[in-house]
Amino acid sequence: MIFVCIMWMLGDDGVLKAPAMSRLELLQQQALHHNRAFDILESLTVEVGPRMAGTSHDLRGVQWAKHKFEELGFDEVWLEQAQYPSWIRGEATCEIVDPFPQPLAVTALGTSVATLDDGVTAQVVSFENLDALKSADPLEVSGKIVFINQAMERSNTGRGYGKAVVVRRSGASEAARKGALAVLIRSIGTDSHRFPHTGLQRYDEDTEQIPAAALSNPDANQLQLALKRGPVTLRLFLSARKGPMFSSFNVIGEIKGREVPEELVLLGAHLDSWDLGTGALDDGAGVAIVTEVGRLISNMRERPRRTIRVVLFANEEQGLWGAKAYAAQHESELNRHMIAAESDFGAGPVWHFTTAVREKALPFMHQVAEALKPLGVDMGDNNSYGGPDLRPMMELGLPVVSLIQDGTDYFDYHHTADDTLDKVDPKALSQSVAAFATFAYMCAETDVTFSDEHIHE
Ligand SMILES: [Zn+2]
């Protein structure tokens with residue numbers, strides 16, 4: 001009886017047949033017509049708020065997630081440890097000392113060291129971009145505060161971020177190499193508000209560690225205009241510092257598959273956020289989307305064949321620590337992970353679908369794309385980036401898809417005090433839930449395998 005039923009629901013190419021497809025339509029309707037993901041997001045951003053890794057808020061986020069999974073009826077919920085060095089933001093101030101004394105809006109970059117107690121006061125040398133700094137004469141830079149004024153371009157894909165973020169990541173070490181005392185960057189963001197954007201920077205091992213901070217975009221403009229009028233002296237004060245090693249957790253919840261529970265479809269998002277806002281977009285929205293998909297599928301009259309595993313990763317922002325811990329802890333059973341998707345690009349809506357699967361699985365992925373079409377999602381190539389937390393597993397061969405959300409406004413708020421719940425449109429969030437649910441259900445219902453490494457065949 002069961003055998004007949006399966007034969008009817010799966011064609012020989014793994015394509016899903018009528019009963020599974022009508023269940024999928026119902027799932028999509030349930031996703032679209034409720035704002036449950038928004039409720040989850042409101043709960044996270046109000047009851048926990050900011051969740052910077054290495055703080056007590058980080059652990060409150062873990063407890064919140066564990067209880068939320070349990071409350072929503074996930075079959076199994078557990079924590080897996082992830083350890084990382086912590087960093088303490090402290091205070092940050094910046095002001096033009098001469099010739100036009102006035103304060104500028106600034107924030108420290110993640111992992112930055114402090115200035116001296118009375119700050120660093122020095123003349124500013126400005127560069128249009130990182131390459132200009134790299135090719136500068138050290139005599140021009142030595143003993144000064146370097147200002148890198150590279151602007152980020154707006155796009156729905158966020159492609160401007162990749163180009164601009166190298167300034168944040170490497171600006172301090174490039175400036176230190178030329179003898180600079182500190183580095184200030186124009187925020188990596190597309191807004192014109194007075195909110196500086198924080199984010200991770202990294203010191204190279206062979207250079208001195210100098211203080212690193214970001215000015216808001218209007219303040220970067222202001223400094224540039226002051227510099228047009230002649231030499232400018234700035235004072236920058238940061239009390240940022242390293243904290244102790246910290247133990248937190250990846251939070252994992254499962255909806256068990258009805259037939260092959262050992263085969264997993266993984267949905268990921270990161271639980272940590274930066275501390276300036278409440279992390280509603282980055283990545284509270286992702287947490288809410290994948291959690292709501294889990295809830296919806298757990299409530300289906302008939303569960304899909306495979307298990308849905310939702311992973312809320314620890315400390316993505318300061319170096320993918322939770323993702324690396326997960327990949328290390330699950331390396332020996334990675335072949336149980338059939339496929340994965342991550343939501344870490346704000347609150348949607350999803351408009352584009354890309355894959356990174358073996359050639360033989362593409363006809364099935366076209367069927368997924370067909371089911372996504374009514375949601376306004378088009379099909380892209382087979383070169384999916386996956387998501388930041390999926391990268392360590394992708395390096396070990398994990399197949400992935402990307403359900404790419406519209407990021408036109410994402411970098412107006414990203415890593416700022418302005419990343420708050422009011423920026424989220426509940427309807428767009430629900431559309432993202434419908435898209436992620438479509439992918440998760442279809443990939444959990446089929447017997448198609450997505451990697452040549454995988455079991456079967
Ligand atoms: Zn993120």
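As the structure lists them, so they are numbered: ligands from 1, and atoms in each ligand from 1. Residue numbers count from 1 along this sequence.
A salt bridge between R358 and D452 is present, with a side-chain N of the basic residue lying under 4.0 Å from a carboxylate O of the acidic one.
When the Zn ion (ligand 1) is compared with the N/O/S atoms of D344, atom OD1 turns out nearest.
Paired with R186 under the rule side-chain contact (heavy atoms from CB on, under 4.5 Å), one option of L215, N217, D219 passes, and it is N217.
Taking backbone and side-chain atoms together, E316 has no N/O/S atom less than 2.8 Å away from the Zn ion (ligand 1). Inclusion of E317 in the first shell of the Zn ion (ligand 1) is not supported: no N, O or S atom falls under 2.8 Å.
Residues H337 and Y326 bring their aromatic ring centres within 6.0 Å. Between Y161 and H414, a ring centre-to-centre spacing shorter than 6.0 Å is recorded.
H270 contributes NE2 and D282 contributes OD1; the angle these two atoms make at the Zn ion (ligand 1) is 90°, rounded to 10°.
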